[in-house]
Amino acid sequence: MHLVARMRRLPRTSLAIAAIVLVMGTSTAAIGVDAVIRAHLDDTTLVAPTRFYARPFVLRPGSEMSATQVADYLGRLGYRRTSSRQVDVGEYFLTSWRWVIGRRAFRHYDRLYPGGIVTVRLDWGRQIADIRDSDGRDLPYLVLEPQLIRSVMGDSKEDRVPVPISEIPGHLVEAVLTIEDQRFFEHPGIDVTRIAGATVANLKARRVVQGASTLTQQLTKNVFLSPRRSVVRKLREATMSLVLEVRHSKQEILEAYLNQVYLGQDGALAIHGVGRAAQFYFGKDVTQLELSESALLAGLIRGPSIYSPIRHPERATTRRDLVLRLMHENGTISSEEYEQAVEGRLALRNKPERTRSGRYFTDYVADELRARHGPEALEGGVAVFTTLDLELQRIAEEAVRD
């Protein structure tokens, strides 16, 4: 069924109503009124770090630029160099007279700068003759994404790039629902049918082989509750999930979940949300994900460390293929889409180069912003674009050290 049509469906069965009455009646005393009041999504639910960016790399017709300079910059951003002109997003091909760059999309807080394949042609010297997009149209200039200088994290150490549900590919949403909560648009926050089925399966196996938590319950646990398991916590989780479903639409809950879900580690930083995960694993904006990549991210939810494509590529591929098979069986994707996706290679990004340059500069910029706009100027996932040229900064620092 089409995703938009599914979003319009509401839970109306008497079983759902009975479940609400049962859980609310048995758990109100256990959870306390404060838990019900807290069950509300707001702007502070999904906190993003403040990021400081260097001066962007700009190519213009008539300017002089060497292939080495371009390769060095793209390499620092984690682009892959290829030997073919048929480049993908996050790849580049260089010769002495032609450069083909699969420019990545770049997200600046609430605005998306689209990427695409761009060809830069040089004349007999080192000057850029012209720049053209994939449709052959001349471009007055080409701006490549700026290099990240520094991220200022909160106490949570959660790294995320919030993305509105309207910009998340439909096949990614369907992949998550297929593997995590196929009845998301039918249940009121808890799924009595799924609970009964999981209970029977676990009793037969004499161990836990199936879970019954809905997406709403997972979101409630991750945002409002501790991971400690207890009967009281499960009652709070169930009741708060029901309250969330009353206060928010399915679309709002789904958007919050996709921006909150834990999908891996980048050193000491926890990767949360599909926006940051798409960048971390594939070097792409989430809008540019292919079906096979969406299925891999959906498969990570159960265990990001177990199914990590970086440490366990074979295990991750098997999990991805399971998601694709279930999507095919449910009629979400066609046989042709399924065959093409399972044959897709696991093309992970090269890790971008981390820089320690410009720390005093970003401290100065932060102080200036607070002085001009108040102490809260850098809260709420602000993106700060600076004039700092990291190559010149590196040369200056080397000169000072010498």
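Given the structure is predicted, the values throughout are model-derived calculations rather than measurements.
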- Query: Within a reach of under 6.0 Å around CD of Glu64, are more than 12 heavy atoms found that belong to other residues, nucleotides or ligands?
  - Reply: yes

- Message: As an exercise, state the distance from CD of Glu368 to OG1 of Thr386, rounded to the nearest 0.5 Å.
- Response: 13.0 Å

- Do Phe106 and Tyr53 have ring centroids that are under 6.0 Å from one another? yes

- Item | Between Gln69 and Ser66: side-chain donor-acceptor atoms closer than 3.5 Å | yes

- Nearest atoms (heavy-atom pairs only) where Ile179 meets Ala298: CG2-O, 3.7 Å

- Message: Between Gln218 (side chain only) and Asn222 (backbone N and O only), is there a donor and an acceptor less than 3.5 Å apart?
- Response: no

- When rounded to the nearest 0.5 Å, the distance separating OG1 of Thr355 from CG of Leu148 is 9.5 Å

- Taking the inter-plane angle between the rings of Phe361 and Tyr364 on a 0 to 90° scale, is it parallel (under 30°), tilted (30 to 60°) or perpendicular (over 60°)? tilted

- Message: Is it the case that atom CD in Glu398 sees more than 12 heavy atoms from other parts of the structure closer than 6.0 Å?
- Response: yes

- Task: Assess the side chains of Thr216 and Glu245: does a donor N or O sit below 3.5 Å from an acceptor N or O?
- Result: yes

- Query: For Tyr73 and Leu144, what are the C-alpha separation, side-chain angles and deciding distance, and is it a side-chain contact (heavy atoms from CB on, under 4.5 Å)?
  - Reply: CA-CA 9 Å; Tyr73 186 81; Leu144 298 175; 4.1 Å; yes

- Task: Count the heavy atoms of every other residue, nucleotide or ligand shown that sit under 6.0 Å from CD of Gln340, and state whether that count exceeds 12.
- Result: no

- Query: Are more than 12 heavy atoms from other residues, nucleotides or ligands located less than 6.0 Å from atom CZ of Arg55?
  - Reply: no

- Tyr307 ring centre to Arg315 NZ or CZ under 6.0 Å, with the angle to the axis within 45°? no

- Task: Report the C-alpha separation of Glu397 and Gln393 in whole Å, then their side-chain angles, then the decisive distance to 0.1 Å, and conclude whether the side chain to side chain donor-acceptor pair (under 3.5 Å) test is met.
- Result: CA-CA 6 Å; Glu397 290 176 357; Gln393 177 71 18; 2.8 Å; yes

- Task: Step by step, work out the side-chain contact (heavy atoms from CB on, under 4.5 Å) result for Leu378 and Phe52.
- Result: CA-CA 10 Å; Leu378 299 179; Phe52 292 83; 4.2 Å; yes

- Any ion pair linking Glu391 and Arg394 (charged N to carboxylate O, less than 4.0 Å)? yes

- Task: Report yes or no: is the cationic atom of Arg349 (NZ for Lys, CZ for Arg) under 6.0 Å from the centre of the six-membered ring of Phe282, at an angle within 45° of the ring normal?
- Result: no

- Query: Salt bridge check: are Arg247 and Glu252 linked by an N-O gap of less than 4.0 Å?
  - Reply: no

- Considering only heavy atoms from C-beta outward, does the side chain of Arg320 approach that of Ser292 to under 4.5 Å? yes

- With a 4.5 Å heavy-atom cut-off, do Lys250 and Leu254 have their side chains touching? no

- Sidechain N-carboxylate O distance under 4.0 Å for Lys351, Asp266: yes

- Have Thr362 and Arg150 got a donor and an acceptor in their side chains that come within less than 3.5 Å? yes

- Query: Should Phe280 and Ile310 be marked as a side-chain contact (heavy atoms from CB on, under 4.5 Å) after you check the CA-CA gap, both sets of side-chain angles, and the distance that decides it?
  - Reply: CA-CA 11 Å; Phe280 179 71; Ile310 298 173; 3.8 Å; yes

- Could you tell me the separation between the CD1 atom of Ile301 and the CZ atom of Arg319, rounded to the nearest 0.5 Å? 9.0 Å

- Query: Checking side chain to side chain donor-acceptor pair (under 3.5 Å) against Asp159, which of Arg51, Gln279, His272 comes through?
  - Reply: Arg51

- Item | Leu390 versus Ser357, closest heavy-atom pair with distance | CD2-CB, 4.1 Å

- Item | Electrostatic pair Arg81-Glu91, nearest N-O below 4.0 angstrom | no

- Could you verify whether a donor N or O on one side chain and an acceptor N or O on the other, from Asp285 and Thr287, lie under 3.5 Å apart? yes

- Indicate yes or no for a side-chain donor-acceptor contact from Arg80 to the backbone of Gly75 under 3.5 Å, with no hydrogens or angles considered. no

